Amino acid sequence: MQHKCKMTVLDKKLYPELQAQYCADPEAGPCPCYRVGDEYVFERYGQADDFWRMGTGTLAAGAAEGVAGSAGVPHCSEAWDALSRYIYAALQGGSIMRGWMKDEREMITCCSDGTRPVIFKLQRLDYKVLYIDGIGCDRCREKISAALAALPGVAEVRFRPEFTEVYLDRDPGDEALKQAVERCGGYTVTNID
């Protein structure tokens with residue numbers, strides 16, 4: 001089983017009275033590093049190690065230059081200091097917040113900026129990597145995706161150039177994954193990570 005961590009910006013708060021009283025720039029305004037709705041995906045598999053690079057390039061969609069996590073831009077140090085231990089726990093398959101949240105794979109947290117905090121949702125994504133021989137076209141991918149999606153616990157299937165990622169709510173087992181693919185005909189699962 002492999003793991004990623006998805007981070008979503010839920011909200012941004014602003015306390016102008018505290019900025020006016022304590023900040024060098026009394027009108028600093030809201031955090032410029034994050035946008036509400038932005039999603040980031042941290043990965044540590046194969047050559048990918050987003051944790052080591054402080055999340056540089058993890059912004060999933062709607063990339064904007066200069067925003068934290070976009071190409072060439074690490075995450076804000078205040079956010080990274082507050083969140084990195086939970087991101088690391090998720091990437092290792094650990095509980096992010098056992099006993100506090102309804103689902104130990106999720107948590108709601110914030111950065112440590114006291115005058116303009118950003119509120120984040122962290123989610124551990126569990127998946128298995130399937131190496132499949134015989135995939136040659138989109139029709140192949142559609143057949144395999146439908147067969148895997150029919151298994152209990154399979155949430156999503158994503159095809160990458162070298163392998164296929166099967167995201168799981170619960171693990172149907174390697175043998176069930178292998179059989180679902182190979183029953184499509186003409187495909188061989190050579191390895192599952």
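Because the structure is predicted, anything quoted here is derived from the model rather than measured.
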Problem - Donor-acceptor contact present, side-chain Tyr34 to main-chain Cys76, <3.5 Å - result: yes

Practice task
State whether Lys4 and Glu39 are salt-bridged, where the test is any N-O pair (Lys NZ or Arg NE/NH1/NH2 against Asp/Glu carboxylate O) under 4.0 Å.
Solution key: no

Practice task
Answer yes or no: is there a side-chain heavy-atom contact under 4.5 Å between Arg116 and Asp113?
Solution key: yes

Practice task
For Phe159, check ring-ring contact (aromatic ring centres under 6.0 Å, His included) against everything at least two apart and list the hits.
Solution key: none

Practice task
Please check if atom OH in Tyr131 has more than 12 non-hydrogen atoms from other residues, nucleotides or ligands closer than 6.0 Å.
Solution key: yes

Practice task
Nearest 0.5 Å please: distance from the CD atom of Glu78 over to the OG atom of Ser112.
Solution key: 3.5 Å

Handout entry: Cation-pi check, Arg158 onto Tyr167 ring (under 6.0 Å, within 45° of axis)
Key = yes

Practice task
Could you tell me whether the side chain of Val118 reaches within less than 4.5 Å of the side chain of Val9, counting heavy atoms only?
Solution key: yes

Problem - Carboxylate-amine/guanidinium proximity below 4.0 Å for Asp174 and Lys128 - result: yes

Exercise for the section: Determine yes or no for a side-chain-to-main-chain donor-acceptor pair under 3.5 angstrom, with Asp49 supplying the side chain and Arg44 the backbone. Expected result: no

Going by atom type alone, with no hydrogens or angles, which donor-acceptor pairs under 3.5 Å involve a side-chain atom of residues 91-99 and a protein atom two or more places apart or on another chain?
{"residue": "Ser95", "atom": "OG", "partner": "Arg98", "partner atom": "N", "Å": "3.0"}
{"residue": "Arg98", "atom": "NE", "partner": "Glu104", "partner atom": "OE1", "Å": "2.9"}
{"residue": "Arg98", "atom": "NH2", "partner": "Glu104", "partner atom": "OE1", "Å": "3.0"}
{"residue": "Arg98", "atom": "NH2", "partner": "Glu104", "partner atom": "OE2", "Å": "3.4"}

Handout entry: side-chain contact (heavy atoms from CB on, under 4.5 Å) between Thr58 and His75, intermediate numbers included
Key = CA-CA 9 Å; Thr58 56; His75 283 267; 3.1 Å; yes

Problem - Any donor-acceptor N or O pair under 3.5 Å, side chains Asp193, Tyr45 - result: yes

Contacts table for residues 20-29: side-chain donor-acceptor under 3.5 angstrom, sequence neighbours left out:
{"residue": "Asp25", "atom": "OD1", "partner": "Glu27", "partner atom": "N", "Å": "3.1"}

Practice task
To the nearest 0.5 Å, tell me how far Phe120 CZ sits from Leu10 CG.
Solution key: 9.0 Å

Problem - Close side-chain approach of Leu122 to Ile87, heavy-atom, < 4.5 Å - result: yes

Practice task
Might you work through the side-chain contact (heavy atoms from CB on, under 4.5 Å) test for Phe42 and Arg53, ending with a clear yes or no?
Solution key: CA-CA 10 Å; Phe42 293 82; Arg53 296 185 341 263; over 6 Å; no

Practice task
Test Leu151 against Leu177 for side-chain contact (heavy atoms from CB on, under 4.5 Å), laying out the working first.
Solution key: CA-CA 8 Å; Leu151 293 174; Leu177 294 168; 3.8 Å; yes

